[in-house]
Amino acid sequence: MIRRYSENGQTLSPAGDKSSITSSTIGHKSTMEEKPFSLMHLSVFLLVSIVLLPRVPSQSYPEAPEPPSELSVLKDTHDNETIYRISKQLCWNCLGESVQFLFYHNLVRASKFELPLVWDSNLERYARWWAGQRRSDCRPEHSFPENGFKLGENIYWGSGSSWGPRDAVAAWTDEQRYYTYQTNSCEPERICGHYTQIVWRTTRRIGCARVVCDDGDVFMTCNYDPVGNYVGERPY
């Protein structure tokens, strides 16, 4: 059995006859209180998202010089169809994988009643540049040096060429089992930073890329702005 590992070598979970690697970024800041939610908020979330998010200004970014077990949040439902339509409207001139990356992220955010993300072409361009850099070796490495992150970044490696956006988002979201909101912490010897970045309340924009490497494996990366995972803050 092959296991999948985080970048620092911590064992995450068995991955059957395939393997994958994920890694995320960490920020630094303060704390916030938990806010209440109700099911009534979902309709508000769907109605206001289109009005609010397209007004978020675009920013400048550096120029490019075994999926886990099925997650209920990613299963098909009537509400998911609505979120898919909204995601397409928030992904201007997007096709194929871009829409999938955005849709699956917004499904997870909707489960916490957070506003959906907007697809950002500058972040996508940056992600594509970094994915291109990893094509030759497929190493699960971040695009920023340690402690030098300007953007949020989740990365994913999968053995074989069949892995897609859903697999990456599902693997990152599966970490929610290791996150405890009351203590705002991960279980010992586990990581949950990919999940908390996805649902981070102040993150508004995303851009991702997928590449099949020269060895036939897959590397995927997503960048987020504003960055999440501030130390001491809760994600939602």
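Keep in mind the model is a prediction, meaning the values are calculated, not measured.
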Glu233 side chain reached by Arg201 side chain, heavy atoms, under 4.5 Å: yes

Expected output: side-chain Arg234 to main-chain Gln182 donor-acceptor under 3.5 Å: yes

CG-CH2 distance between Leu117 and Trp200, expressed to the nearest 0.5 angstrom: 14.0 Å

Shortest non-hydrogen contact from Ala131 toward Val211: O-CG1, 3.4 Å

Under 3.5 Å side-chain donor-acceptor pair for Asp167 and Tyr156: no

Minimum-distance pair of heavy atoms, taken over all atoms of Ile155 and Phe219: CG2-CZ, 4.0 Å

Separation of Arg128 CZ from Asn223 CG (nearest 0.5 Å): 12.5 Å

Contacts of type side-chain hydrogen bond (donor to acceptor under 3.5 Å, both in side chains), residue Ser185, not counting sequence neighbours: Thr183

Summary of disulfide bond (SG atoms under 2.5 Å apart) pairs that have at least one residue in residues 172-201, sequence neighbours excluded: Cys186-Cys192

Straight-line distance of Lys88 NZ to Trp119 CH2, nearest 0.5 Å: 14.5 Å

Residue pair Thr173 / Tyr104, side-chain heavy-atom distance below 4.5 Å: no

Separation between CD1 of Ile198 and CD of Gln176, rounded to the nearest 0.5 Å: 9.5 Å

Point-to-point distance, once rounded to the nearest 0.5 Å, from SG of Cys222 to NE2 of His105: 4.5 Å

4.5 Å side-chain heavy-atom contact, Leu90 and Pro116: yes

Side chain to side chain contact (heavy atoms under 4.5 Å, CB included) between Arg134 and Trp157, intermediate numbers included: CA-CA 10 Å; Arg134 300 273 61 81; Trp157 168 87; over 6 Å; no

Nearest heavy-atom neighbours spanning Gly207 and Ala127: O-CB, 3.8 Å

Any pair counted as disulfide bond (SG atoms under 2.5 Å apart), so long as it reaches residues 137-171, sequence neighbours left out: Cys138-Cys213

Nearest non-hydrogen partners of Ile83 and Ala110, listed with the distance: CD1-CB, 3.6 Å

Neighbour count >12 (heavy atoms, 6.0 Å) for atom CG, Asn93: no

Verdict with reasoning, Ser111 to Leu107, per side chain to side chain contact (heavy atoms under 4.5 Å, CB included): CA-CA 7 Å; Ser111 71; Leu107 273 183; over 6 Å; no

Modelled atom types, side-chain donor and acceptor of Asp214 and Ser136, under 3.5 Å: no

No-hydrogen, no-angle side-chain donor-acceptor test under 3.5 Å, Arg109 and Asn106: no

Side-chain (Trp130) to main-chain (Phe144) donor-acceptor, under 3.5 angstrom: no

Pairwise side-chain contact, Val212 with Val218, heavy-atom cut-off 4.5 Å (strictly under): yes

Nearest atoms (heavy-atom pairs only) where Val108 meets Val199: CG1-CG1, 3.7 Å

Parallel, tilted or perpendicular: ring planes of Tyr181 versus Tyr179, cut at 30 and 60 degrees: perpendicular

Nearest atoms (heavy-atom pairs only) where Arg210 meets Ser161: NH2-O, 2.9 Å

CZ on Arg125 to CG on Asp120, rounded to 0.5 Å: 8.5 Å

Under 3.5 Å: donor-acceptor pair, side chain of Gln197, backbone of Gly228: yes

Pairwise side-chain contact, Arg204 with Val118, heavy-atom cut-off 4.5 Å (strictly under): no

Polar side-chain atom of Glu153 near backbone of Ser143 as donor-acceptor pair, under 3.5 Å: yes

Check: Gln100 side chain, Pro165 main-chain N or O, donor-acceptor pair, under 3.5 Å: no

Pro226 backbone acceptor or donor facing Thr203 side chain under 3.5 Å: yes

